[in-house]
J.: 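Attaching a single structure in C-alpha coordinates format; questions to follow.
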Amino acid sequence: MCNLPIKVVCRANAEYMSPSGKVPFIHVGNQVVSELGPIVQFVKAKGHSLSDGLDEVQKAEMKAYMELVNNMLLTAELYLQWCDEATVGEITHARYGSPYPWPLNRILAYQKQWEVKRKMKAIGWGKKTLDQVLEDVDQCCQALSQRLGTQPYFFNKQPTELDALVFGHLYTILTTQLTNDELSEKVKNYSNLLAFCRRIEQHYFEDRAKGSSSIRLS
Amino acid sequence: MAAPLELSCWGGGWGLPSVHSESLVVMAYAKFSGAPLKVSVIDNTWRGSRGDVPILTTEDKIVSQPAKILNFLRKQKYNADYELSARQGADTLAYIALLEEKLLPAVLHTFWVESDNYFTVTKPWFASRIPFPLSLILPGRMSKGALTRILLTRGEPPLYHLREVEAQIYRDAKECLNLLSNRLGTSQFFFGDTPSTLDAYVFGFLAPLYKVRFPKVQLQEHLKQLSNLCRFCDDILNTYFRLSLGGISPAGQEMVDANLQKLTQLVNKESNLIEKMDDNLRQSPQLPPRKLPTLKLTPAAEESDSLQRLSP
(Lines give C-alpha, C1' and ligand atoms only; values in the text may rest on other atoms or scores of the structure.)
Protein backbone atom coordinates (compact mmCIF):
# COMPACT_ATOMS: atom_id res chain seq x y z
CA MET A 1 0.00 0.00 0.00
CA CYS A 2 2.98 2.31 0.44
CA ASN A 3 4.40 1.38 -2.95
CA LEU A 4 7.63 0.09 -1.52
CA PRO A 5 9.59 -2.49 -3.51
CA ILE A 6 9.80 -5.72 -1.53
CA LYS A 7 10.96 -9.23 -2.25
CA VAL A 8 9.23 -11.98 -0.34
CA VAL A 9 11.49 -14.85 0.69
CA CYS A 10 10.39 -18.01 2.43
CA ARG A 11 12.80 -19.60 4.82
CA ALA A 12 12.34 -22.45 7.22
CA ASN A 13 14.34 -20.88 9.99
CA ALA A 14 12.70 -17.48 9.66
CA GLU A 15 11.65 -17.49 13.28
CA TYR A 16 15.19 -18.02 14.42
CA MET A 17 16.56 -15.31 12.16
CA SER A 18 14.19 -12.74 13.51
CA PRO A 19 15.56 -10.49 16.27
CA SER A 20 12.45 -10.98 18.36
CA GLY A 21 11.63 -14.53 17.48
CA LYS A 22 8.56 -13.50 15.52
CA VAL A 23 7.87 -13.31 11.84
CA PRO A 24 7.56 -11.36 9.61
CA PHE A 25 10.69 -9.36 9.59
CA ILE A 26 12.31 -7.18 6.99
CA HIS A 27 15.93 -6.98 6.08
CA VAL A 28 16.93 -3.56 4.78
CA GLY A 29 20.58 -2.80 4.12
CA ASN A 30 22.16 -3.83 7.36
CA GLN A 31 19.06 -3.43 9.52
CA VAL A 32 16.63 -6.10 10.55
CA VAL A 33 13.24 -5.10 11.90
CA SER A 34 10.58 -7.54 12.98
CA GLU A 35 6.85 -7.42 13.72
CA LEU A 36 4.25 -5.10 12.31
CA GLY A 37 4.53 -2.32 14.88
CA PRO A 38 8.28 -1.72 14.60
CA ILE A 39 8.19 -2.18 10.82
CA VAL A 40 5.53 0.50 10.52
CA GLN A 41 7.59 2.84 12.65
CA PHE A 42 10.73 2.08 10.67
CA VAL A 43 8.98 2.82 7.41
CA LYS A 44 7.51 5.98 8.89
CA ALA A 45 10.97 7.14 9.92
CA LYS A 46 12.03 6.73 6.33
CA GLY A 47 9.19 8.98 5.22
CA HIS A 48 6.36 6.66 4.20
CA SER A 49 3.26 6.59 6.31
CA LEU A 50 -0.35 5.69 5.66
CA SER A 51 -1.88 7.34 8.70
CA ASP A 52 -0.61 10.91 8.42
CA GLY A 53 -3.99 12.23 7.44
CA LEU A 54 -5.75 11.06 10.59
CA ASP A 55 -6.44 13.29 13.57
CA GLU A 56 -5.73 12.28 17.16
CA VAL A 57 -9.06 10.66 17.90
CA GLN A 58 -8.92 8.65 14.70
CA LYS A 59 -5.40 7.54 15.44
CA ALA A 60 -6.57 6.37 18.86
CA GLU A 61 -9.41 4.45 17.23
CA MET A 62 -7.06 2.91 14.73
CA LYS A 63 -4.71 1.72 17.43
CA ALA A 64 -7.62 0.37 19.45
CA TYR A 65 -8.95 -1.62 16.49
CA MET A 66 -5.49 -2.95 15.69
CA GLU A 67 -5.23 -4.22 19.23
CA LEU A 68 -8.65 -5.79 18.92
CA VAL A 69 -7.54 -7.69 15.84
CA ASN A 70 -4.31 -8.75 17.52
CA ASN A 71 -6.08 -9.77 20.68
CA MET A 72 -8.93 -11.72 19.15
CA LEU A 73 -8.12 -12.83 15.63
CA LEU A 74 -4.47 -13.60 16.11
CA THR A 75 -5.05 -15.52 19.31
CA ALA A 76 -7.96 -17.39 17.75
CA GLU A 77 -5.79 -18.36 14.80
CA LEU A 78 -3.07 -19.60 17.10
CA TYR A 79 -5.62 -21.47 19.16
CA LEU A 80 -7.12 -23.17 16.17
CA GLN A 81 -3.76 -24.12 14.78
CA TRP A 82 -2.16 -25.41 17.93
CA CYS A 83 -4.75 -26.21 20.58
CA ASP A 84 -7.49 -27.87 18.57
CA GLU A 85 -6.52 -31.50 18.43
CA ALA A 86 -8.00 -32.34 15.06
CA THR A 87 -6.29 -29.49 13.25
CA VAL A 88 -3.03 -30.04 15.05
CA GLY A 89 -2.81 -33.68 14.18
CA GLU A 90 -3.76 -33.43 10.55
CA ILE A 91 -2.38 -30.18 9.35
CA THR A 92 -0.21 -28.19 11.68
CA HIS A 93 2.34 -30.77 12.69
CA ALA A 94 2.85 -31.82 9.12
CA ARG A 95 3.12 -28.28 7.85
CA TYR A 96 5.37 -26.96 10.60
CA GLY A 97 7.78 -29.84 10.47
CA SER A 98 7.88 -30.26 6.71
CA PRO A 99 11.26 -28.60 6.03
CA TYR A 100 13.02 -30.84 8.50
CA PRO A 101 13.89 -34.51 8.49
CA TRP A 102 12.47 -36.91 11.04
CA PRO A 103 12.74 -36.77 14.10
CA LEU A 104 13.42 -33.03 14.07
CA ASN A 105 10.07 -32.24 12.55
CA ARG A 106 8.25 -33.97 15.38
CA ILE A 107 10.34 -32.42 18.12
CA LEU A 108 10.09 -28.87 16.82
CA ALA A 109 6.37 -29.19 16.28
CA TYR A 110 5.77 -30.42 19.81
CA GLN A 111 8.00 -27.72 21.22
CA LYS A 112 6.11 -25.01 19.38
CA GLN A 113 2.82 -26.49 20.49
CA TRP A 114 3.93 -26.47 24.10
CA GLU A 115 5.01 -22.85 23.82
CA VAL A 116 1.72 -21.77 22.32
CA LYS A 117 -0.30 -23.64 24.93
CA ARG A 118 1.71 -21.97 27.67
CA LYS A 119 0.96 -18.58 26.22
CA MET A 120 -2.74 -19.36 25.94
CA LYS A 121 -2.85 -20.36 29.55
CA ALA A 122 -1.07 -17.17 30.64
CA ILE A 123 -3.60 -14.93 28.97
CA GLY A 124 -6.59 -16.92 30.13
CA TRP A 125 -7.51 -18.69 26.91
CA GLY A 126 -6.34 -22.05 28.18
CA LYS A 127 -9.76 -23.12 29.36
CA LYS A 128 -11.71 -21.92 26.34
CA THR A 129 -13.49 -24.40 24.16
CA LEU A 130 -13.51 -24.17 20.39
CA ASP A 131 -17.07 -22.85 20.42
CA GLN A 132 -16.17 -20.00 22.73
CA VAL A 133 -13.22 -19.11 20.53
CA LEU A 134 -15.47 -19.08 17.47
CA GLU A 135 -17.93 -16.88 19.28
CA ASP A 136 -15.16 -14.42 20.11
CA VAL A 137 -14.10 -14.37 16.47
CA ASP A 138 -17.68 -13.71 15.50
CA GLN A 139 -17.89 -10.77 17.89
CA CYS A 140 -14.66 -9.37 16.56
CA CYS A 141 -15.81 -9.70 12.95
CA GLN A 142 -19.09 -8.07 13.83
CA ALA A 143 -17.25 -5.13 15.38
CA LEU A 144 -15.01 -4.79 12.33
CA SER A 145 -17.94 -5.09 9.99
CA GLN A 146 -19.86 -2.38 11.82
CA ARG A 147 -16.86 -0.11 11.84
CA LEU A 148 -16.27 -0.64 8.12
CA GLY A 149 -19.93 -0.12 7.22
CA THR A 150 -20.20 0.75 3.55
CA GLN A 151 -16.91 2.56 3.23
CA PRO A 152 -14.17 1.23 0.98
CA TYR A 153 -11.56 1.35 3.73
CA PHE A 154 -11.76 1.73 7.48
CA PHE A 155 -10.91 5.41 7.43
CA ASN A 156 -12.85 6.22 4.35
CA LYS A 157 -10.86 6.91 1.23
CA GLN A 158 -7.32 5.91 2.04
CA PRO A 159 -6.06 2.62 3.34
CA THR A 160 -4.19 2.67 6.63
CA GLU A 161 -2.25 0.20 8.73
CA LEU A 162 -5.51 -1.10 10.11
CA ASP A 163 -6.67 -2.06 6.64
CA ALA A 164 -3.42 -3.89 6.00
CA LEU A 165 -3.66 -5.77 9.29
CA VAL A 166 -7.29 -6.75 8.85
CA PHE A 167 -6.69 -7.83 5.28
CA GLY A 168 -3.77 -9.99 6.34
CA HIS A 169 -5.74 -11.85 8.95
CA LEU A 170 -8.99 -12.21 7.08
CA TYR A 171 -7.32 -13.30 3.86
CA THR A 172 -5.41 -15.97 5.72
CA ILE A 173 -8.51 -17.20 7.46
CA LEU A 174 -10.47 -17.30 4.24
CA THR A 175 -7.89 -19.02 2.09
CA THR A 176 -6.28 -21.54 4.37
CA GLN A 177 -7.62 -25.03 4.14
CA LEU A 178 -8.36 -26.51 7.52
CA THR A 179 -10.20 -29.58 8.70
CA ASN A 180 -12.70 -27.27 10.30
CA ASP A 181 -14.19 -24.61 8.08
CA GLU A 182 -16.15 -22.89 10.79
CA LEU A 183 -13.67 -20.07 11.20
CA SER A 184 -13.88 -19.00 7.58
CA GLU A 185 -17.64 -19.47 7.66
CA LYS A 186 -17.82 -16.96 10.49
CA VAL A 187 -15.95 -14.41 8.45
CA LYS A 188 -17.99 -15.12 5.33
CA ASN A 189 -21.12 -14.16 7.20
CA TYR A 190 -20.09 -10.56 6.85
CA SER A 191 -20.35 -9.57 3.24
CA ASN A 192 -18.73 -6.19 3.57
CA LEU A 193 -15.62 -7.81 5.01
CA LEU A 194 -15.49 -10.22 2.07
CA ALA A 195 -15.86 -7.37 -0.38
CA PHE A 196 -13.14 -5.47 1.47
CA CYS A 197 -10.68 -8.37 1.13
CA ARG A 198 -11.49 -8.88 -2.50
CA ARG A 199 -11.03 -5.21 -3.25
CA ILE A 200 -7.61 -5.03 -1.63
CA GLU A 201 -6.48 -8.24 -3.29
CA GLN A 202 -7.50 -7.02 -6.70
CA HIS A 203 -6.11 -3.58 -6.24
CA TYR A 204 -2.77 -4.34 -4.69
CA PHE A 205 -1.88 -7.92 -5.39
CA GLU A 206 -3.21 -9.07 -8.68
CA ASP A 207 -1.83 -6.15 -10.61
CA ARG A 208 1.64 -7.13 -9.54
CA ALA A 209 1.65 -10.82 -8.88
CA LYS A 210 0.15 -11.73 -12.24
CA GLY A 211 -1.32 -14.88 -10.83
CA SER A 212 1.85 -16.38 -9.39
CA SER A 213 1.19 -16.56 -5.70
CA SER A 214 -2.28 -15.23 -5.05
CA ILE A 215 -5.02 -17.74 -4.53
CA ARG A 216 -8.44 -16.69 -5.66
CA LEU A 217 -10.98 -16.06 -2.97
CA SER A 218 -13.81 -18.49 -3.52
CA MET B 1 -36.35 -12.30 38.34
CA ALA B 2 -34.34 -10.60 41.00
CA ALA B 3 -32.61 -13.75 42.10
CA PRO B 4 -30.04 -13.04 44.76
CA LEU B 5 -26.82 -12.36 42.92
CA GLU B 6 -23.77 -12.61 45.04
CA LEU B 7 -20.37 -11.37 43.99
CA SER B 8 -17.26 -12.52 45.78
CA CYS B 9 -14.31 -10.27 45.25
CA TRP B 10 -11.27 -8.74 46.83
CA GLY B 11 -11.94 -5.97 49.27
CA GLY B 12 -11.23 -2.29 49.21
CA GLY B 13 -8.82 0.24 50.52
CA TRP B 14 -7.50 3.72 49.85
CA GLY B 15 -11.02 4.92 49.12
CA LEU B 16 -11.85 2.21 46.59
CA PRO B 17 -14.48 -0.48 46.94
CA SER B 18 -11.94 -2.97 45.65
CA VAL B 19 -8.27 -2.85 44.78
CA HIS B 20 -8.51 -5.65 42.25
CA SER B 21 -9.06 -4.39 38.70
CA GLU B 22 -11.36 -7.15 37.52
CA SER B 23 -13.54 -7.04 40.63
CA LEU B 24 -13.82 -3.29 40.25
CA VAL B 25 -14.93 -3.62 36.63
CA VAL B 26 -17.77 -5.93 37.62
CA MET B 27 -18.82 -3.77 40.56
CA ALA B 28 -18.84 -0.64 38.43
CA TYR B 29 -20.86 -2.32 35.70
CA ALA B 30 -23.37 -3.57 38.25
CA LYS B 31 -23.82 -0.04 39.60
CA PHE B 32 -24.17 1.43 36.12
CA SER B 33 -26.75 -1.09 35.00
CA GLY B 34 -28.63 -1.20 38.29
CA ALA B 35 -28.07 -4.87 38.98
CA PRO B 36 -28.79 -5.74 42.62
CA LEU B 37 -25.52 -7.33 43.62
CA LYS B 38 -24.69 -8.46 47.05
CA VAL B 39 -21.00 -8.00 47.41
CA SER B 40 -19.15 -10.29 49.76
CA VAL B 41 -15.57 -9.40 50.38
CA ILE B 42 -12.92 -12.05 50.60
CA ASP B 43 -11.37 -12.03 53.98
CA ASN B 44 -9.49 -14.35 56.17
CA THR B 45 -12.22 -16.86 56.61
CA TRP B 46 -13.30 -17.30 53.01
CA ARG B 47 -13.10 -20.86 51.95
CA GLY B 48 -13.47 -20.71 48.19
CA SER B 49 -10.96 -20.77 45.41
CA ARG B 50 -9.13 -17.52 45.13
CA GLY B 51 -7.74 -18.00 41.68
CA ASP B 52 -10.77 -16.99 39.73
CA VAL B 53 -11.97 -13.97 41.59
CA PRO B 54 -14.35 -12.21 40.90
CA ILE B 55 -17.01 -14.88 41.03
CA LEU B 56 -20.72 -14.36 40.61
CA THR B 57 -22.98 -16.88 42.30
CA THR B 58 -26.67 -17.23 41.60
CA GLU B 59 -28.94 -19.96 42.84
CA ASP B 60 -27.94 -22.38 40.15
CA LYS B 61 -24.88 -21.03 38.40
CA ILE B 62 -21.38 -19.91 39.05
CA VAL B 63 -19.83 -17.50 36.56
CA SER B 64 -16.22 -16.57 36.79
CA GLN B 65 -14.50 -14.14 34.45
CA PRO B 66 -15.39 -10.46 34.14
CA ALA B 67 -16.37 -10.75 30.47
CA LYS B 68 -18.58 -13.75 31.20
CA ILE B 69 -20.11 -12.10 34.27
CA LEU B 70 -20.97 -9.01 32.24
CA ASN B 71 -22.54 -11.18 29.54
CA PHE B 72 -24.58 -12.97 32.17
CA LEU B 73 -25.80 -9.69 33.65
CA ARG B 74 -26.77 -8.48 30.20
CA LYS B 75 -28.78 -11.60 29.62
CA GLN B 76 -30.56 -10.95 32.89
CA LYS B 77 -31.63 -7.62 31.41
CA TYR B 78 -29.14 -5.50 33.33
CA ASN B 79 -27.70 -3.77 30.33
CA ALA B 80 -25.70 -0.58 30.57
CA ASP B 81 -25.12 -0.44 26.81
CA TYR B 82 -28.73 -0.17 25.84
CA GLU B 83 -28.40 3.24 24.30
CA LEU B 84 -25.21 2.70 22.37
CA SER B 85 -25.21 2.50 18.61
CA ALA B 86 -23.71 -0.48 16.83
CA ARG B 87 -20.64 1.51 15.96
CA GLN B 88 -20.15 2.53 19.59
CA GLY B 89 -20.50 -1.09 20.63
CA ALA B 90 -17.73 -1.98 18.19
CA ASP B 91 -15.59 0.85 19.54
CA THR B 92 -16.14 -0.52 23.04
CA LEU B 93 -14.69 -3.89 22.07
CA ALA B 94 -11.74 -2.24 20.41
CA TYR B 95 -10.92 0.02 23.35
CA ILE B 96 -11.23 -2.85 25.82
CA ALA B 97 -8.72 -4.79 23.70
CA LEU B 98 -6.46 -1.74 23.76
CA LEU B 99 -6.66 -1.60 27.55
CA GLU B 100 -5.86 -5.28 27.90
CA GLU B 101 -2.94 -5.22 25.51
CA LYS B 102 -1.30 -1.92 26.38
CA LEU B 103 -2.29 -0.93 29.89
CA LEU B 104 -2.76 -4.20 31.71
CA PRO B 105 0.88 -5.38 31.47
CA ALA B 106 2.08 -2.16 33.07
CA VAL B 107 -0.59 -2.26 35.79
CA LEU B 108 0.33 -5.86 36.56
CA HIS B 109 3.96 -4.87 36.65
CA THR B 110 3.35 -1.94 39.02
CA PHE B 111 1.35 -4.09 41.42
CA TRP B 112 3.03 -7.45 41.26
CA VAL B 113 6.45 -7.37 39.72
CA GLU B 114 8.10 -4.13 40.77
CA SER B 115 9.79 -5.32 43.95
CA ASP B 116 9.42 -2.19 46.05
CA ASN B 117 5.71 -2.02 45.38
CA TYR B 118 5.12 -5.72 45.68
CA PHE B 119 6.86 -6.25 48.98
CA THR B 120 5.70 -3.09 50.74
CA VAL B 121 2.14 -2.78 49.53
CA THR B 122 0.66 -5.59 47.46
CA LYS B 123 1.91 -8.64 49.28
CA PRO B 124 1.02 -7.51 52.82
CA TRP B 125 -2.40 -6.38 51.69
CA PHE B 126 -3.30 -9.64 50.01
CA ALA B 127 -1.60 -11.78 52.62
CA SER B 128 -3.69 -10.18 55.34
CA ARG B 129 -6.80 -11.35 53.55
CA ILE B 130 -5.77 -14.93 53.03
CA PRO B 131 -5.56 -17.36 55.91
CA PHE B 132 -2.29 -18.91 56.88
CA PRO B 133 -0.68 -21.00 55.34
CA LEU B 134 -2.06 -19.96 51.96
CA SER B 135 -0.94 -16.43 52.64
CA LEU B 136 2.61 -17.59 52.16
CA ILE B 137 1.96 -19.23 48.84
CA LEU B 138 -0.80 -17.43 47.01
CA PRO B 139 0.63 -13.90 46.66
CA GLY B 140 3.84 -15.42 45.34
CA ARG B 141 1.90 -17.43 42.84
CA MET B 142 -0.08 -14.40 41.69
CA SER B 143 3.15 -12.46 41.28
CA LYS B 144 4.69 -15.21 39.20
CA GLY B 145 1.56 -15.45 37.08
CA ALA B 146 1.74 -11.73 36.36
CA LEU B 147 5.40 -11.91 35.39
CA THR B 148 4.82 -14.91 33.14
CA ARG B 149 1.97 -13.18 31.42
CA ILE B 150 4.05 -10.09 30.76
CA LEU B 151 7.00 -12.06 29.48
CA LEU B 152 5.05 -14.43 27.29
CA THR B 153 3.11 -11.70 25.58
CA ARG B 154 5.93 -9.22 25.28
CA GLY B 155 9.09 -11.18 24.79
CA GLU B 156 11.33 -13.10 27.12
CA PRO B 157 14.98 -13.85 27.61
CA PRO B 158 17.20 -14.78 25.83
CA LEU B 159 15.78 -12.62 23.06
CA TYR B 160 14.84 -9.70 25.25
CA HIS B 161 16.36 -8.22 28.33
CA LEU B 162 13.89 -7.76 31.17
CA ARG B 163 14.81 -4.09 31.46
CA GLU B 164 13.91 -3.49 27.80
CA VAL B 165 10.59 -5.25 28.22
CA GLU B 166 9.79 -3.13 31.26
CA ALA B 167 10.70 0.08 29.44
CA GLN B 168 8.55 -0.95 26.50
CA ILE B 169 5.48 -1.79 28.55
CA TYR B 170 5.61 1.47 30.44
CA ARG B 171 5.97 3.37 27.17
CA ASP B 172 2.96 1.51 25.80
CA ALA B 173 0.95 2.20 28.95
CA LYS B 174 1.70 5.91 28.87
CA GLU B 175 0.70 6.04 25.23
CA CYS B 176 -2.49 4.18 26.04
CA LEU B 177 -3.32 6.63 28.84
CA ASN B 178 -2.74 9.54 26.46
CA LEU B 179 -5.03 7.94 23.88
CA LEU B 180 -7.75 7.41 26.48
CA SER B 181 -7.43 10.99 27.64
CA ASN B 182 -7.73 12.24 24.05
CA ARG B 183 -10.76 10.09 23.49
CA LEU B 184 -12.49 11.17 26.72
CA GLY B 185 -11.88 14.85 26.08
CA THR B 186 -14.16 16.95 28.21
CA SER B 187 -17.23 14.74 28.29
CA GLN B 188 -18.30 13.05 31.45
CA PHE B 189 -18.28 9.48 30.19
CA PHE B 190 -16.87 7.90 27.07
CA PHE B 191 -20.16 7.74 25.21
CA GLY B 192 -22.10 10.79 26.27
CA ASP B 193 -23.79 11.27 29.61
CA THR B 194 -24.55 7.74 30.73
CA PRO B 195 -21.86 5.28 31.72
CA SER B 196 -21.42 2.05 29.79
CA THR B 197 -19.27 -1.07 29.69
CA LEU B 198 -16.24 0.83 28.46
CA ASP B 199 -16.49 3.25 31.38
CA ALA B 200 -16.61 0.28 33.75
CA TYR B 201 -13.49 -1.24 32.22
CA VAL B 202 -11.54 2.03 32.16
CA PHE B 203 -12.54 2.77 35.73
CA GLY B 204 -11.58 -0.74 36.83
CA PHE B 205 -8.11 -0.45 35.37
CA LEU B 206 -7.40 3.17 36.25
CA ALA B 207 -8.82 3.54 39.74
CA PRO B 208 -6.38 1.21 41.56
CA LEU B 209 -3.51 2.83 39.70
CA TYR B 210 -4.78 6.23 40.70
CA LYS B 211 -5.56 5.67 44.35
CA VAL B 212 -3.27 3.03 45.81
CA ARG B 213 -0.20 4.52 47.45
CA PHE B 214 2.95 3.02 45.99
CA PRO B 215 6.61 3.74 46.62
CA LYS B 216 7.51 3.50 42.91
CA VAL B 217 5.02 5.65 41.08
CA GLN B 218 6.10 6.59 37.57
CA LEU B 219 2.88 5.44 35.92
CA GLN B 220 0.78 6.99 38.66
CA GLU B 221 2.53 10.31 38.15
CA HIS B 222 1.77 10.17 34.46
CA LEU B 223 -1.87 9.38 35.18
CA LYS B 224 -2.17 12.25 37.61
CA GLN B 225 -1.08 14.63 34.89
CA LEU B 226 -4.05 13.63 32.79
CA SER B 227 -6.61 15.55 34.76
CA ASN B 228 -9.67 14.46 32.82
CA LEU B 229 -8.99 10.80 33.58
CA CYS B 230 -8.54 11.62 37.27
CA ARG B 231 -11.77 13.59 37.23
CA PHE B 232 -13.48 10.66 35.55
CA CYS B 233 -12.41 8.27 38.32
CA ASP B 234 -13.35 10.68 41.09
CA ASP B 235 -16.75 11.31 39.54
CA ILE B 236 -17.59 7.65 39.39
CA LEU B 237 -16.36 7.07 42.92
CA ASN B 238 -18.41 9.91 44.31
CA THR B 239 -21.55 9.18 42.36
CA TYR B 240 -21.76 5.44 42.49
CA PHE B 241 -19.62 4.29 45.34
CA ARG B 242 -20.35 6.68 48.13
CA LEU B 243 -22.10 3.97 50.12
CA SER B 244 -20.00 0.89 49.90
CA LEU B 245 -19.95 -2.50 51.52
CA GLY B 246 -19.79 -1.43 55.15
CA GLY B 247 -22.41 1.28 54.98
CA ILE B 248 -20.14 4.28 54.76
CA SER B 249 -17.22 4.25 52.40
CA PRO B 250 -13.87 4.22 54.17
CA ALA B 251 -13.05 7.71 52.92
CA GLY B 252 -16.41 9.00 54.11
CA GLN B 253 -15.95 7.32 57.44
CA GLU B 254 -12.57 8.94 57.86
CA MET B 255 -14.06 12.32 57.07
CA VAL B 256 -16.82 11.81 59.61
CA ASP B 257 -14.30 10.74 62.19
CA ALA B 258 -12.12 13.74 61.47
CA ASN B 259 -15.06 16.06 61.82
CA LEU B 260 -16.11 14.40 65.02
CA GLN B 261 -12.63 14.76 66.36
CA LYS B 262 -12.52 18.43 65.54
CA LEU B 263 -15.87 18.98 67.18
CA THR B 264 -14.80 17.13 70.30
CA GLN B 265 -11.65 19.16 70.48
CA LEU B 266 -13.58 22.39 70.21
CA VAL B 267 -16.00 21.32 72.89
CA ASN B 268 -13.13 20.30 75.11
CA LYS B 269 -11.44 23.61 74.60
CA GLU B 270 -14.59 25.42 75.45
CA SER B 271 -15.13 23.44 78.62
CA ASN B 272 -11.51 23.99 79.57
CA LEU B 273 -11.96 27.69 79.17
CA ILE B 274 -15.08 27.64 81.27
CA GLU B 275 -13.32 25.69 83.97
CA LYS B 276 -10.46 28.13 83.93
CA MET B 277 -12.82 30.98 84.29
CA ASP B 278 -14.47 29.26 87.18
CA ASP B 279 -11.14 28.69 88.86
CA ASN B 280 -10.16 32.27 88.33
CA LEU B 281 -13.34 33.34 89.88
CA ARG B 282 -12.85 31.17 92.88
CA GLN B 283 -9.20 31.86 93.42
CA SER B 284 -9.26 35.58 93.02
CA PRO B 285 -8.25 37.18 96.31
CA GLN B 286 -11.34 37.58 98.43
CA LEU B 287 -11.31 39.28 101.70
CA PRO B 288 -13.23 37.25 104.20
CA PRO B 289 -16.32 39.09 105.28
CA ARG B 290 -15.20 41.05 108.28
CA LYS B 291 -17.51 41.43 111.03
CA LEU B 292 -17.59 45.11 111.43
CA PRO B 293 -19.20 45.80 114.72
CA THR B 294 -20.25 49.23 113.85
CA LEU B 295 -21.71 48.47 110.51
CA LYS B 296 -24.94 46.74 110.69
CA LEU B 297 -25.88 46.40 107.08
CA THR B 298 -28.97 44.84 105.81
CA PRO B 299 -28.44 41.44 104.07
CA ALA B 300 -29.16 43.04 100.70
CA ALA B 301 -26.56 45.68 101.26
CA GLU B 302 -24.02 43.05 102.40
CA GLU B 303 -24.51 41.19 99.19
CA SER B 304 -24.05 44.21 97.06
CA ASP B 305 -20.90 45.03 99.03
CA SER B 306 -19.37 41.60 98.41
CA LEU B 307 -20.33 41.84 94.77
CA GLN B 308 -18.64 45.15 94.55
CA ARG B 309 -15.49 43.67 96.01
CA LEU B 310 -15.46 40.87 93.46
CA SER B 311 -15.91 42.94 90.37
CA PRO B 312 -12.63 44.37 89.08
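Remember, predicted model here, so these are calculated numbers, not experimental data. Residue numbers begin at 1 in each chain, while the letters A, B, ... track the order of the sequences.
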J.: Tell me which pairs pass ring-ring contact (aromatic ring centres under 6.0 Å, His included) where either residue lies in residues 117-161 of chain A, with sequence neighbours left out.
T.: A/Phe154-A/Phe196

J.: Count the heavy atoms of every other residue, nucleotide or ligand shown that sit under 6.0 Å from CG of B/Asp193, and state whether that count exceeds 12.
T.: no

J.: Testing A/Asn71, A/Ile123, A/Leu68 for side chain to side chain contact (heavy atoms under 4.5 Å, CB included) with B/Glu101, which one passes?
T.: A/Asn71

J.: Do you know the tightest heavy-atom contact between B/Ala90 and A/Ala143?
T.: CB-O, 3.4 Å

J.: Per the side chain to side chain contact (heavy atoms under 4.5 Å, CB included) rule, which among B/Asp91, B/Leu98, B/Leu179 passes with A/Glu61?
T.: B/Asp91

J.: To the closest 0.5 Å, what do you measure between CG (B/Leu103) and CD (A/Glu67)?
T.: 11.5 Å

J.: So what's closer than 4.5 Å to chain B heavy atoms on A/Gln139: side chain, backbone, both or neither?
T.: both

J.: Are there more than 12 heavy atoms of other residues, nucleotides or ligands under 6.0 Å from atom NZ of A/Lys121?
T.: no

J.: Between A/Gln146 and B/Arg87, what is the shortest heavy-atom contact and its length?
T.: O-CD, 4.4 Å

J.: So which bits of residues 219-227 of chain B come within less than 4.5 Å of chain A, counting non-hydrogen atoms only?
T.: none

J.: If I measure from the heavy atoms of chain A, does B/Arg149 come under 4.5 Å with its side chain, its backbone, both, or neither?
T.: both

J.: With a strict 4.5 Å heavy-atom criterion, list every residue of residues 103-112 of chain A that contacts chain B, or say none.
T.: none

J.: Quick one: side chain to side chain donor-acceptor pair (under 3.5 Å) partners of A/Lys63, sequence neighbours excluded?
T.: B/Glu175

J.: With only heavy atoms counted, which part of B/Lys144 is less than 4.5 Å from chain A, the side chain, the backbone, both or neither?
T.: neither

J.: I need the B/Leu93 CG to A/Met72 CE distance, nearest 0.5 Å.
T.: 6.0 Å

J.: Answer yes or no: does atom NZ of A/Lys59 have more than 12 heavy-atom neighbours from other residues, nucleotides or ligands under 6.0 Å?
T.: yes

J.: Looking at B/Arg231, I'd like to know if its CZ atom is crowded, meaning that more than 12 non-hydrogen atoms belonging to other residues, nucleotides or ligands lie closer than 6.0 Å.
T.: yes

J.: Under 6.0 Å from the CD atom of A/Glu135, do we count more than 12 heavy atoms belonging to anything else shown?
T.: no

